[in-house]
There are 2 protein chains.
Amino acid sequence: MVTGSMDTEIIIAIVAFVFFMVGVYLHKKSLHVDQFPKTGVNREKTKSLEISPREYEVLKEVALGLSNKEIADKLFLSESTIKTHVSNLLVKLNAKRRTHAIQIAHELKII
Amino acid sequence: MVTGSMDTEIIIAIVAFVFFMVGVYLHKKSLHVDQFPKTGVNREKTKSLEISPREYEVLKEVALGLSNKEIADKLFLSESTIKTHVSNLLVKLNAKRRTHAIQIAHELKII
DNA sequence: TCCATTTTGGTACTTTAGTATGAGCTACTT
DNA sequence: AAGTAGCTCATACTAAAGTACCAAAATGGA
């Protein structure tokens, strides 16, 4: 308040700043964590399969039944890029085609 | 046996024949019943979607990640027939493509 | 800064998938 | 017997998917 001492105002400012930074930090963290469940189990499993975060993201879209073009539009990428990711996924999951990849991913419980 | 009467042999033959037919009948019946789980829940759901038994069978193979050709070989059918079944499934499940059909089928808990 | 990985994208092809249409055959129902 | 639904298969296309190979940015550490 206007009648408050300078010290009080500084403390309030510091507290506000700290919470602001906490807010920024948590938000930034959430952007990464949200890719994978809180447990991080999936991230561990995909890591062991050498599946990159982007590839995993594409895998989830494939499992939703989207076409390469639809995934490309959704993630703001070219269809060419999606094909690359899917092709890499097939190798890493040892799948013959995308439907097979979906089945394997379910078996491994990574989606 | 050689010492048996003609009547006895005829009776044995008839009994054998009857059991043979029972065996054939039960086997044929089992081929149909085994298509769906004992509960019949899936059969009810697929019926409401107007999905035929054969189509449902193909759907399960699609979900396993098999190609049309592989499904054809597994079920001793032509690839052409599988295409027809899959095409009909897409309409009945309101799916754009087979991966989409898999996702929908999971949602409906019919596979 | 240098290195390794990831991400992105392109071209050129081959292979699967999917659609449209027609047709014969069987089994069940009215 | 006639109709209906299900199953089978074919031909002829169009559309996706997938492969192979290459290459330029971006990213994140060592």
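Excluded from the calculations below are hydrogen atoms, water molecules and symmetry mates; all remaining heavy atoms, backbone and side chain alike, are included. Protein chains get the first letters and strands the later ones, always in sequence-line order, with residue 1 at the start of each.
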- prompt: Under 4.0 angstrom, heavy atoms only, what part of the nucleic acid is B:Ser78 near: base, sugar-phosphate, or nothing?
  reply: sugar-phosphate

message: What is the distance, to the nearest angstrom, from the CD atom on A:Glu61 to the C1' atom on D:dA17?
response: 17 Å

query: In whole angstroms, how far is the C1' atom of D:dT4 from the CD atom of B:Glu50?
result: 13 Å

- prompt: Donor-acceptor pair, B:Tyr56 side chain versus B:Lys47 backbone, under 3.5 Å?
  reply: no

Donor-acceptor contact present, side-chain B:Lys83 to main-chain B:Asn68, <3.5 Å: no

task: Please report, rounded to the nearest Å, how far the P atom of C:dA17 is from the CD atom of B:Glu79.
output: 7 Å

- request: Round to a whole Å and report the spacing from CD of A:Glu70 to P of D:dA16.
  value: 9 Å

- prompt: Would you call A:Lys74-A:Glu57 a salt bridge at under 4.0 Å N-O?
  reply: no

- line: Testing C:dG9, C:dA17, D:dT8 for proximity to the side chain of B:Lys83, the answer is C:dA17

D:dG18 OP1/OP2 closer than 4.0 Å to side-chain N/O of A:Arg97: no

query: Quick one: the side chain of A:Ser80 and the base of C:dG10, do they pair up donor-acceptor inside 3.5 Å?
result: yes

task: Rounded off to whole Å, could you give me the CD1-to-C1' distance for the A:Ile51 and C:dT7 pair?
output: 16 Å

query: Between B:Ser52 and D:dC7, is there a side-chain N or O to OP1/OP2 distance below 4.0 Å?
result: yes

- prompt: Out of C:dT11, C:dG18, D:dG18, which has the shortest distance to the side chain of A:Leu90?
  reply: D:dG18

task: Rounded off to whole Å, could you give me the CG-to-P distance for the A:Asn88 and C:dT5 pair?
output: 14 Å

- prompt: Quick one: is D:dA17 close enough that its OP1 or OP2 comes under 4.0 Å of any side-chain N or O from A:Asn68?
  reply: yes

message: If the cut-off is 4.0 Å, is B:His85 near the phosphate of D:dC9, judged by side-chain N/O to OP1 or OP2?
response: no

- prompt: Between B:Lys45 (side chain) and B:Leu108 (backbone), is there a donor-acceptor pair under 3.5 Å?
  reply: yes

- prompt: Would you say C:dT8 has OP1 or OP2 under 4.0 Å from some side-chain N or O of A:Thr84?
  reply: no

task: Could you check how far CD1 of B:Ile82 sits from P of C:dA17, rounded to whole Å?
output: 11 Å

task: Remember a base hit wins even if backbone is also touched, and classify A:Ser67 as base, sugar-phosphate or nothing at under 4.0 Å, heavy atoms.
output: sugar-phosphate

- line: DNA chain D nearest-nucleotide lookup for A:Val86 and B:Lys92: closer to the 5′ end is B:Lys92

- request: Return the value, rounded to whole Å, for the distance between atom CG of A:Leu75 and atom P of C:dG9.
  value: 11 Å

message: On the nucleotide C:dT8, are OP1 or OP2 found under 4.0 Å from the side-chain N or O atoms that A:Thr81 carries?
response: no

- request: Nearest 0.5 Å please: distance from the OG1 atom of B:Thr81 over to the CD atom of B:Glu79.
  value: 10.0 Å

